[in-house]
Amino acid sequence: MIHECGQFLPLSTTLTYLLSSAAPGPKSISVTRWQTLLYNSANAKCIRTTKQLHAYTITSGLLLSPKSTHLLSLLASAYALGGQIVVARYLFDKSPDRTFFSYKTMIRMCAEDGSSHKALKLFAEMLESGRYKPDNYTFPFVVRACGDSLLPQLGTAVHGLALVSGYGSDTFTANCLLAMYMNVGDREGAKRVFDAMEEPTIVSWNTMISGYFRNDSAKEALMLFRKMVDGGVETDAATVVSVLPACGFLKDLELGREVHLLVIKKGLGKKVSVRNALVDMYVKCGKMDEARSVFDKIIEKDVVTWTTMIHGYSLNGDIRSALGLCQLMQFEGVKPNAVTLASLLASCANLPNLKLGKCLHGWALRQRLESDVNVETALIDLYAKCKCMRLSFKVFFKTSKTRTVPWNAILSGCIYNVLAEEAIELFREMLLEGVKPNDATFKSLLPAFAVQADMQQAMSLHSYLIRSGFILRTEIATGLVDIYCKCGNLKSGHRVFSGVPLKKRDIVLWSALIAGYGTHGHGEIVLSLFYDMVQSGIRPNEVTFTSVLHACSHAGMVDDGLSLFNFIYGSFPLCLRTNHYTCMVDLLGRAGRLEEAHELIKSMPFQPSPTVWGALLGACAIHENVELGEEAAKWLFELEPANTGNYVLMGNIYAALGRWKDAENVRHRMNEVGLLKSPAHSVIEVRKPA
DNA sequence: CTAGGGTTAG
């Protein structure tokens with residue numbers, strides 16, 4: 001009993017004394033006395049004492065007295081605090097009279113145990129009874145339970161209740177609210193709470209920083225860290241392990257080094273986790289030397305330390321160093337785990353190196369790590385990238401198939417190996433098995449539907465996306481727009497586009513629709529969509545310009561194309577790339593405005609690429625313009641002497657005008673650079689009259 | 001009595 005209760009020895013002694021000296025029976029120990037004993041036993045988390053007390057309540061008939069009905073709920077609390085949550089719940093459910101203490105304890109233990117729904121149910125019951133008011137030891141756990149059950153609306157309601165109950169300025173409650181909002185992905189909600197806090201503690205700052213990072217706002221995380229340091233707020237180990245991943249993600253080496261200095265200055269490096277985070281930061285920033293020097297200084301390396309470093313070498317394609325380190329790690333008595341292995345396998349997949357991958361697969365079997373999801377997923381991916389879909393499927397069929405990741409791996413594997421139809425079939429099976437797809441699933445799957453361009457399939461996918469709610473995600477709606485456009489059904493594509501609320505329309509979505517209309521030759525619609533987009537406040541980029549210019553070119557809308565080009569030139573001059581000029585030269589050239597095309601090339605702010613001259617030469621071939629053709633050819637023969645197409649085009653221009661001698665010269669020139677072996681030269685000869 | 005923190009993968 002001593003070892004179990006630790007410093008609470010007096011409690012057990014008291015109990016032993018009472019039980020041995022007094023005769024059993026409810027009257028021998030007063031109710032108040034019992035109450036104290038139960039409280040003490042609960043707070044001491046001493047399950048053995050609790051069990052003794054429980055036994056006594058049964059044999060003595062203690063609970064039969066009307067004065068002691070509340071004792072059962074206290075007993076339940078004692079069990080709960082002792083870690084026996086199931087027994088606790090059973091007893092608590094039977095308790096006729098539940099005390100405030102027992103409610104609080106049960107709520108807390110349920111929340112910590114992961115039974116957040118039960119915790120919320122108890123809280124609701126407590127409120128309904130109207131006997132007790134939640135306090136500063138209640139709200140934190142209830143808030144946490146809301147976050148764990150992913151019930152943000154309920155969380156907000158509890159937040160409101162905490163405010164009206166006067167716990168708005170309670171630090172613990174506020175910190176839990178921060179964590180809750182961050183856990184459900186509500187950065188704004190968290191920020192509101194944070195801004196309203198009079199004195200945020202280290203914990204508040206840390207929660208915000210890590211929350212921002214976890215919610216894809218690494219930039220905000222770093223900005224907050226800056227503000228924290230500049231504001232003179234203390235930082236601790238949790239701060240640095242929250243901020244370092246963000247530095248790594250953004251490759252912000254400068255700030256990463258600053259954090260490193262902070263770690264040294266404050267002596268935070270005693271913890272392995274801090275040093276591991278440093279190694280990881282350097283790895284992610286691509287600074288393997290610095291990562292290694294931090295790594296080498298860690299005396300007590302754990303699996304994570306080794307794995308982080310191994311992963312670093314893997315990422316850099318240095319599989320030799322990665323394997324060497326893996327061996328060294330085992331020499332030092334640290335066993336690689338599934339993560340280590342998955343990292344090595346991923347490296348084999350990216351190289352790709354099938355032979356080594358197979359060796360590692362064998363090793364995984366011997367280490368009994370083969371049935372770990374991470375390893376399985378890495379193996380599926382490995383074999384797919386090595387174009388061994390048979391092996392990929394073999395691994396896949398052995399997986400438990402209840403989790404989403406292996407499905408995603410096999411789907412993306414199929415698509416990598418141009419098995420779009422199989423991917424779609426697998427997706428159907430996945431749904432039948434009741435596995436929930438996620439964003440990553442659609443990221444690889446939607447292109448498969450676009451490749452198939454099957455209207456029937458597109459429609460059934462569309463209905464699924466509506467039913468499952470995935471259509472609400474802009475990236476997914478974008479994929480669907482693309483699919484419909486590829487099917488040639490622009491109307492349906494446009495309808496999906498219109499279904500996305502104005503605020504959620506991003507550049508990618510607009511571009512998908514614009515490109516769709518563009519490839520089908522609807523130049524005018526493309527232009528009006530483009531101006532609509534700019535009007536709605538979205539800044540177009542190079543990709544948009546390319547597709548709009550292409551559309552103009554495709555539809556032969558020369559003047560519209562020109563005015564658009566001038567618009568870009570005036571508003572976004574830095575966005576202009578070679579391919580935009582190529583597009584314009586092509587557009588003007590086709591229309592026979594060769595001089596203008598030439599002028600445009602001469603006005604280019606950078607060296608015209610062969611593609612630009614190629615477009616001009618092509619246009620000259622159509623319009624049989626020797627002068628400009630020669631100008632273009634002069635550049636092209638210089639820039640890409642091995643491109644037969646250029647000689648053919650130029651030869652054709654001469655031939656068309658009956659200048660056989662010049663045509664012959666071009667042929668000679670091609671001969672000189674050793675291209676005559678190529679079959680393309682015959683084109684010139686074919687057009688030569690007998 | 002309570003709150004925040006690292007490594008893989010999609």
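In what follows, chains are A, B, ... by sequence order, proteins preceding strands, each numbered from 1. Hydrogens, waters and symmetry mates play no part in the numbers below; they use all other heavy atoms, side chains included. Keep in mind the model is a prediction, meaning the values are calculated, not measured.
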- Quick one: label Ala342(A) by what it contacts on the DNA or RNA (base, sugar-phosphate, nothing), any heavy atom closer than 4.0 Å. nothing
- Task: State whether the distance check finds a donor on one side and an acceptor on the other, under 3.5 Å, for side chain Asp381(A) versus base dG10(B).
- Result: no
- Item | Rounded distance (Å) that lies between atom P of dG4(B) and atom OH of Tyr212(A) | 18 Å
- Message: Students often get this wrong, so: under 4.0 angstrom with heavy atoms, is Asp236(A) touching a base, only sugar-phosphate, or nothing?
- Response: base
- Query: Is Ser210(A) touching bases, backbone alone, or none of the nucleic acid, heavy atoms closer than 4.0 Å?
  - Reply: sugar-phosphate
- Atom CZ of Phe225(A) and atom P of dG5(B) are separated, to the nearest Å, by 17 Å
- Task: Looking at every strand, decide which applies to Lys104(A) at a 4.0 Å heavy-atom threshold: base, sugar-phosphate, or nothing.
- Result: nothing
- Starting from P on dA3(B), measure out to CG on Asp170(A) and report it in whole angstrom. 12 Å
- Ile202(A) side chain: which of dG4(B), dG10(B), dG5(B) is closest? dG4(B)
- Query: Is Phe141(A) touching bases, backbone alone, or none of the nucleic acid, heavy atoms closer than 4.0 Å?
  - Reply: sugar-phosphate
- Message: Suppose we call a contact any N or O donor and acceptor under 3.5 Å apart; does that hold for the side chain of Asn206(A) and the base of dG4(B)?
- Response: yes
- Message: Counting only side-chain heavy atoms from C-beta out, which of dT8(B), dG5(B), dG4(B) sits nearest to Val203(A)?
- Response: dG4(B)
- Message: Is Tyr137(A) stacked against the base of dC1(B), taking the criterion as centroid distance under 5.5 angstrom and interplanar angle under 30°?
- Response: yes
- Query: So, is Lys436(A) near the phosphate of dG10(B), with a side-chain N or O under 4.0 Å from OP1 or OP2?
  - Reply: no
- Looking at every strand, decide which applies to Glu376(A) at a 4.0 Å heavy-atom threshold: base, sugar-phosphate, or nothing. nothing
- Query: Quick one: is His311(A) getting a side-chain N or O under 4.0 Å of the dT7(B) phosphate, OP1 or OP2?
  - Reply: no
- Query: Counting any heavy atom closer than 4.0 Å, what does Ile209(A) reach on the DNA or RNA strands: base, sugar-phosphate only, or nothing?
  - Reply: nothing
- Item | Which nucleotide in dG4(B), dG5(B), dT7(B) has an atom nearest any side-chain atom of Ala179(A) | dG4(B)
- Message: Distance check needed: dA9(B) P versus Phe249(A) CZ, whole Å only.
- Response: 14 Å
- Using the ring of each side chain (for Trp, its six-membered ring), is Phe396(A) parallel, tilted or perpendicular to Trp407(A), with breaks at 30° and 60°? perpendicular
- Query: Side chain of Ala238(A): nearest nucleotide among dT8(B), dT2(B), dG5(B)?
  - Reply: dG5(B)
- Consider the side chain of Phe172(A), meaning its heavy atoms from C-beta on, and name the nucleotide among dT7(B), dT8(B), dA3(B) that approaches it most closely. dA3(B)
- Determine the contact category for Asn136(A): base if any of its heavy atoms lies under 4.0 Å from a base atom, sugar-phosphate if only primed atoms, P, OP1 or OP2 are that close, otherwise nothing. base
- Task: Drop me the distance from Ile415(A)'s CD1 to Ser444(A)'s OG, to the nearest 0.5 angstrom.
- Result: 4.5 Å
- Message: Nearest whole Å is fine: how far is dA9(B) C1' from Leu379(A) CG?
- Response: 13 Å
- Query: Tell me: CG of Leu177(A) to C1' of dG4(B), nearest whole Å?
  - Reply: 14 Å
- Message: Classify Arg108(A) by what it touches in the nucleic acid, base, sugar-phosphate, or nothing, heavy-atom distance under 4.0 Å.
- Response: base
- Should the pair Lys104(A)-Asp135(A) be classified as a salt bridge under the 4.0 Å nitrogen-to-oxygen rule? yes
- Residues Glu234(A) and Lys266(A) bridged, charged N to O under 4.0 Å: yes
- Query: Is any NZ, NE, NH1 or NH2 atom of the basic residue among Lys443(A) and Glu475(A) found under 4.0 Å from an Asp or Glu carboxylate oxygen of the other?
  - Reply: no
- Is any side-chain N of the basic residue among Lys385(A) and Asp381(A) closer than 4.0 Å to the acidic one's carboxylate O? yes
- Message: At less than 4.0 Å, is any side-chain N or O atom of Arg144(A) found next to OP1 or OP2 of dA3(B)? Yes or no.
- Response: yes
- How is Asp439(A) classified with respect to the nucleic acid when contacts are heavy atoms under 4.0 Å: base, sugar-phosphate, or nothing? nothing
- Query: dT7(B) P sits how many Å from Leu244(A) CG, rounded?
  - Reply: 10 Å
- Message: So if I take every side-chain heavy atom of Ser273(A) and compare against dA3(B), dG5(B), dG4(B), which nucleotide ends up nearest?
- Response: dG5(B)
- When you check the side-chain N and O atoms of Ser116(A) and Ser149(A), is any donor under 3.5 Å from an acceptor? yes
- Of the listed nucleotides dA3(B), dG5(B), dT7(B), the one nearest the side chain of Thr171(A): dA3(B)
- Quick one: Trp407(A) CH2 to dG10(B) P, roughly how many Å, whole number? 18 Å
